[in-house]
Amino acid sequence: MWETGVSRGGNGSAGQAGGGRGPAVVAGAPAVPAQACDLVTVPARQGLEAVDILRLRDGVGPVLHDGACDTLGFLVPAGTADGWDVPGSACTQTSGRGLALGALCGEGTPAEEPPVTGTGWLVPPEGAGAAATDPAVLRAALGEAARTIEAVDRCQ
């Protein structure tokens with residue numbers, strides 16, 4: 001079971017920062033602090049396009065989807081939220097309060113259960129091509145995904 005400072009938000013987002021808990025811990029994992037991460041949430045349609053783009057090119061880190069499949073959440077390095085400005089998306093700081101890349105991505109046991117209540121793994125940590133998605137690469141993929149969706153919608 002994961003301990004996390006990120007919980008399902010009431011507005012349908014994949015996650016939002018929670019109270020000041022400690023870093024995520026996996027039973028049997030080393031008791032060393034793991035690198036924290038932030039969570040970029042986007043609408044599912046754009047997120048799925050971006051996941052396809054990232055899988056084909058640069059690799060994608062772990063990705064969560066919410067229970068209703070309305071949003072996807074990309075794990076990105078901590079600090080990303082400070083400069084995140086992509087319209088139609090949000091980047092939530094966890095500030096080390098729960099989501100930890102080391103615990104999710106290779107340190108300790110594999111992540112069987114997502115760290116955010118009400119979500120599931122679209123791309124689990126053990127199947128991800130990176131520990132976290134590079135924010136610059138994600139920004140470019142989200143832009144390309146938005147342009148693709150716009151083009152498809154114009155053709156209908």
Begin with the C-alpha distance, continue with both residues' side-chain angles, and end with the deciding distance and a verdict on salt bridge (Lys or Arg N to Asp or Glu O under 4.0 Å) for Arg45 and Asp70.
-> CA-CA 8 Å; Arg45 186 175 180 201; Asp70 292 336; over 6 Å; no
Considering only heavy atoms from C-beta outward, does the side chain of [X] approach that of [Y] to under 4.5 Å?
| X | Y | value |
| --- | --- | --- |
| Glu49 | Leu142 | no |
| Pro77 | Cys37 | no |
| Gln93 | Asp82 | yes |
| Phe74 | Val51 | yes |
| Val40 | Cys91 | yes |

Of all heavy-atom pairs between [X] and [Y], which one has the smallest distance, and what is that distance?
| X | Y | result |
| --- | --- | --- |
| Gly88 | Pro43 | O-CD, 3.2 Å |
| Pro62 | Ala130 | CD-O, 3.6 Å |
| Leu122 | His65 | N-CD2, 3.7 Å |

Which residue, Thr71, Thr41, Leu72, Val42, forms the side-chain contact (heavy atoms from CB on, under 4.5 Å) with Ser89?
-> Val42
Find out if a path of hydrophobic residues (ILVMFWY) with successive side-chain heavy-atom gaps under 4.5 Å connects Leu48 to Val137.
-> yes
Determine whether Val86 and Ile53 fall in the same hydrophobic cluster, where Ile, Leu, Val, Met, Phe, Trp and Tyr are linked whenever their side-chain heavy atoms lie under 4.5 Å apart.
-> no
How long is the gap from CG on Leu39 to CH2 on Trp84, to the nearest 0.5 Å?
-> 11.0 Å
Between the CZ atom in Arg57 and the CD atom in Glu144, the distance rounded to the nearest 0.5 Å is 4.0 Å
Within the distance-only criterion (no hydrogens, no angle test), does the side chain of [X] pair as donor or acceptor with the backbone N or O of [Y] below 3.5 angstrom?
| X | Y | value |
| --- | --- | --- |
| Thr119 | Leu64 | no |
| Asp38 | Ala78 | no |
| Thr80 | Val76 | no |

